[in-house]
Amino acid sequence: MKTSIKYIVSLILAVNVILGCNDLDEKVFSSVTEQTYNYSVNDFAPNIAGAYAPLHYDYVTGYWQTQELSGCCIVTPANATGWDDGGIYKRLHFHNWNSELGQISSLWNNYYQGVILCNAALERIENNVIPAPSEEAKRQGIAELKALRVYYYWILMDNFGDIPYVTTMAQELPEKTSRSEIYDNLVADLVESIPYLDEEQGGNLYGRINKWAGKAILANLYLNAEVYTGTPHWEDCLAQCDDIINSGKCELSPDYKDSFRVYGVESSKEVLFTVIYDYNHGLTGSYLWMNSWHSELQKKYLTNAAPNMAGGPKGITQFINTYQEGDTRLEDTWLMGPQYDAEGNPLYCVYTDATKQLDFTKELPDGNFTGESEGYRINKYEVEQGAEWSSDADYPLIRYSEVLLMKAECLLRLGRPGAGALVTQVRERNFKDNPALAAVTDEELKENSSYQWGYVENYQIVDLGDQKPVEFGRLFDEYCWEFVWEGHTRRDMIRFGVFTTKSWLSHQPNGDYRGVYPIPEQVLIANPKLEQNPDYLNL
């Protein structure tokens, strides 16, 4: 279905993804090896494309769960059909994870595999092991791979802090590099690479890093620079956002749901960078719906696969209550209320009381255990009729609406006017029936968040916890409304100062050091040069 980029699985290297193993002896099962294979110009594009593959590996388990289940919008409690799995999902919600949690290991492994694939592909091209079609194609290919490597390292550095930073295929065990030094290197790589990236938006560049995706990644680095280095870079972020906006290459789609549809997204001017899924071509992993939905919804959406029992991930009531009246993002994002099959017949609970209609309610008793139909479910990504366990809906990583909100944030933090107009622009498509409600002013964006923070027991907030107003809290709310389910929540909460200070549902603060994850235990065992992140040593 999606032909703009081909992921050549056979070209993916067998690599040690934990950057720890120094036993690199190979068993050769063929007379054709890396050293004897005669590369041609036909290998140039697949060499680059293969480096994107780790974006798909366990995206939900590694990246998505660590970014969303640790935040204030989505939770995965146990229920009558399971979903406890040894407490692995609740650990993210409670912020009591340790270095052996599987989701953390998956995040580390997948994104370091991406780094290694980029390094290998770069060395082949730079050393002319794989010939390029032209010098221009060579420069552009090198720029794209360096930008992709920056993306992988950004996610790793954002989540783990000080980490090994390696840009060659050297076999020596790496030590840690400071977060601030990695930040400087990533910025330098992007500044060098962006001029050579393709300016085409969508089409053949869909799913790849073009100039505008590169600038958006650079803007994100600048946006979070104070977290990474202690020094803000609002002006630099603003400049990158302005370049994207003024290019005229990107724009908001007419409807909020357009970025999450199965068909037609390839021509999007809003989606700047995405994870492509196509079941028939082996690009699988688009299964958030399988995890969130109730199994009876198979009869509503006529999928070939039945969702996983009563479903796991669902909306946190305190967040759902923040939505403003008339904002269509609520129903565009969440599946709620009584459920019916494809012919309009009521669907019923099947695991507890079969006499009750399946009715997704917003109230949750806590984050430990919920009823069969409690909690709003995902409705953001389209699921096609006949879908197998993985849908063909792609998962956007960066959208143009984020560029507009980043610029708005920079203006607010710099004390300049114009933030309200930018946020209003993003909101307008979500208040078509009442355009006046879309308007928001600079002063309103400076107000406290509407989130009712506090610890919940039996559906009620029983401990308010920290109630200090959130600076630019209304803008924080706008980020959450726009990007929930898209893997932004943890990073935005950290930047707005609420990730390790506030209470929500069954989460209470558990230490500022939780702003980064621990280095996975198997990595420390394999590489004695690495030290665990502070305060995780005794867990």
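- Counting heavy atoms from C-beta on, the side chains of Q113 and Y152 never come closer than 4.5 Å.
- Here the closest heavy-atom approach between residue S193 and residue K146 is recorded as OG-CB, 3.5 Å.
- In this structure, W108 CH2 and Q522 CD are separated by 9.5 Å, a value rounded to the nearest 0.5 Å.
- Considering only heavy atoms from C-beta on, Y111 stays 4.5 Å or farther from Y57 through its side chain.
- The salt bridge (Lys or Arg N to Asp or Glu O under 4.0 Å) check on R149 picks up D189, with sequence neighbours excluded.
- The main-chain N or O of A305 is found under 3.5 Å from a side-chain atom of T303 such that the two form a donor-acceptor pair.
- Side-chain contact of E402 with N220: a donor-acceptor pair under 3.5 Å is present, judged by distance alone.
- The six-membered or imidazole ring of Y451 lies away from that of W504, with a centre-to-centre distance of 6.0 Å or more.
- Residues Y206 and D394 bring a donor and an acceptor atom of their side chains to less than 3.5 Å of each other.
- N159 places a side-chain N or O within 3.5 Å of a backbone atom of I155 that can act as its donor or acceptor partner.
- Between P520 and E100, the closest side-chain pair of non-hydrogen atoms is not below 4.5 Å.
- Not a single donor-acceptor pair under 3.5 Å links the side chain of E270 to the backbone N or O of S259.
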Would D332 and K380 count as a side chain to side chain contact (heavy atoms under 4.5 Å, CB included) here? Give the steps. CA-CA 6 Å; D332 284 343; K380 193 163 197 173; over 6 Å; no
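- Contact record, V166 with P174: CG2-CB, 3.7 Å, taken as the closest heavy-atom pair.
- With rounding to the nearest 0.5 angstrom, the SG atom of C73 is 4.0 Å from the CZ atom of F319.
- The two residues L107 and L156 make their nearest non-hydrogen contact at O-CD2, 4.2 Å.
- A donor atom on one side chain and an acceptor atom on the other are found under 3.5 Å apart for T489 and E68.
- In this structure, W485 has its ring center closer than 6.0 angstrom to the ring center of W334.
- Below 30°, between 30° and 60°, or above 60°: for Y153 and Y165 the angle between ring planes is between 30° and 60°, a tilted geometry.
- There is no side-chain donor-acceptor pair under 3.5 Å between Q201 and K269.
- In this structure, the separation between CH2 on W293 and CE on M290 is 10.5 Å, given to the nearest 0.5 Å.
- Geometrically, R124 does not engage F44 in a cation-pi contact, judged by NZ or CZ lying under 6.0 Å from the ring centre and within 45° of the ring axis.
- Side-chain atoms of E521 and N98 include no donor-acceptor pair closer than 3.5 Å.
- In this structure, R514 contributes its side chain and H95 its backbone to a donor-acceptor pair below 3.5 Å.
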Check against side chain to side chain contact (heavy atoms under 4.5 Å, CB included), I74 and V484: CA-CA 8 Å; I74 301 171; V484 64; 3.9 Å; yes
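- Relative orientation of the H56 and Y277 rings is perpendicular, given thresholds of 30° and 60° on the angle between their planes.
- Under the 3.5 Å distance criterion, the side-chain polar atoms of Q140 are left unmatched by any main-chain donor or acceptor of E144.
- Between the side chains of N110 and D58, no donor-acceptor pair is found at a separation under 3.5 Å.
- For the atom pair Q65 CD and H93 NE2, the distance stands at 14.5 Å (nearest 0.5 Å).
- Q532 is listed as a side-chain neighbour of S99, based on a closest heavy-atom distance under 4.5 Å.
- Pairing each heavy atom of V516 with each of G161, the nearest pair is CG1-N, 3.9 Å.
- Side chain of Y256 to backbone of E482: a donor-acceptor contact under 3.5 angstrom is found.
- Although no hydrogens or angles enter the test, the distance criterion places no donor-acceptor pair under 3.5 Å between the side chain of N291 and the main chain of P313.
- Here the CD1-OG1 distance, from I163 to T177, works out to 8.0 Å after rounding to the nearest 0.5 Å.
- Rounding to the nearest 0.5 angstrom, the gap separating the OG atom in S286 from the OH atom in Y59 is 9.5 Å.
- Under a 3.5 Å cut-off, the side chain of S106 and the backbone N or O of T61 do not form any donor-acceptor pair.
- Close placement of the F273 and Y151 rings is indicated, their centers lying within 6.0 Å of each other.
- The shortest side-chain heavy-atom distance between E486 and F260 falls under the 4.5 Å cut-off.
- Here the options are W64, Y381, W289, F483, the test is ring-ring contact (aromatic ring centres under 6.0 Å, His included), and the partner is Y395; only Y381 passes.
- With respect to R495 and D492, a salt bridge is recorded, a charged nitrogen being found less than 4.0 Å from a carboxylate O.
- Counting heavy atoms from C-beta on, the side chains of M309 and E372 never come closer than 4.5 Å.
- More than 12 heavy atoms of other residues, nucleotides or ligands sit less than 6.0 Å from atom NZ of K257.
- Judged as a side-chain contact (heavy atoms from CB on, under 4.5 Å), and not counting sequence neighbours, the contacts of A147 are L190, L197, I209.
- D158 is listed as a side-chain neighbour of Y228, based on a closest heavy-atom distance under 4.5 Å.
- S253 and Y400 share no donor-acceptor pair across their side chains, judged by distance under 3.5 Å alone.
- In plain terms, the two heavy atoms of L335 and N379 that are nearest each other are N-CB, 3.4 Å.
- Put simply, the side chain of R490 never gets that close to the backbone of H488: no donor and acceptor are under 3.5 Å apart.
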Walk me through it: do Q298 and L302 pass the test side chain to side chain contact (heavy atoms under 4.5 Å, CB included)? CA-CA 5 Å; Q298 182 182 22; L302 303 179; over 6 Å; no
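- Side chains of E384 and S391: a donor on one and an acceptor on the other come within 3.5 Å.
- Side-chain contact, T66 with Q103: no donor N or O sits under 3.5 Å from an acceptor N or O.
- Of all heavy-atom pairs between H294 and L358, the closest is CD2-CD1, 3.6 Å.
- Tested against K90 for a side chain to side chain donor-acceptor pair (under 3.5 Å), the candidates T76, D85, D84 yield a single pass: D84.
- Under the 4.5 Å side-chain criterion, counting only non-hydrogen atoms from C-beta, W97 is in contact with S70.
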For the pair I398 and I217, evaluate side chain to side chain contact (heavy atoms under 4.5 Å, CB included) and give the outcome as yes or no after the intermediate values. CA-CA 8 Å; I398 302 174; I217 295 169; 3.6 Å; yes
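- Residue E531 qualifies as open at atom CD: its count of foreign heavy atoms under 6.0 Å is 12 or below.
- Between Y376 and F360, the ring centre distance reaches or exceeds 6.0 Å.
- Formation of a donor-acceptor pair under 3.5 Å by the Q339 side chain with backbone atoms of M336 is found in this model.
- For D366 and S506, the side-chain atoms include no donor-acceptor pair closer than 3.5 Å.
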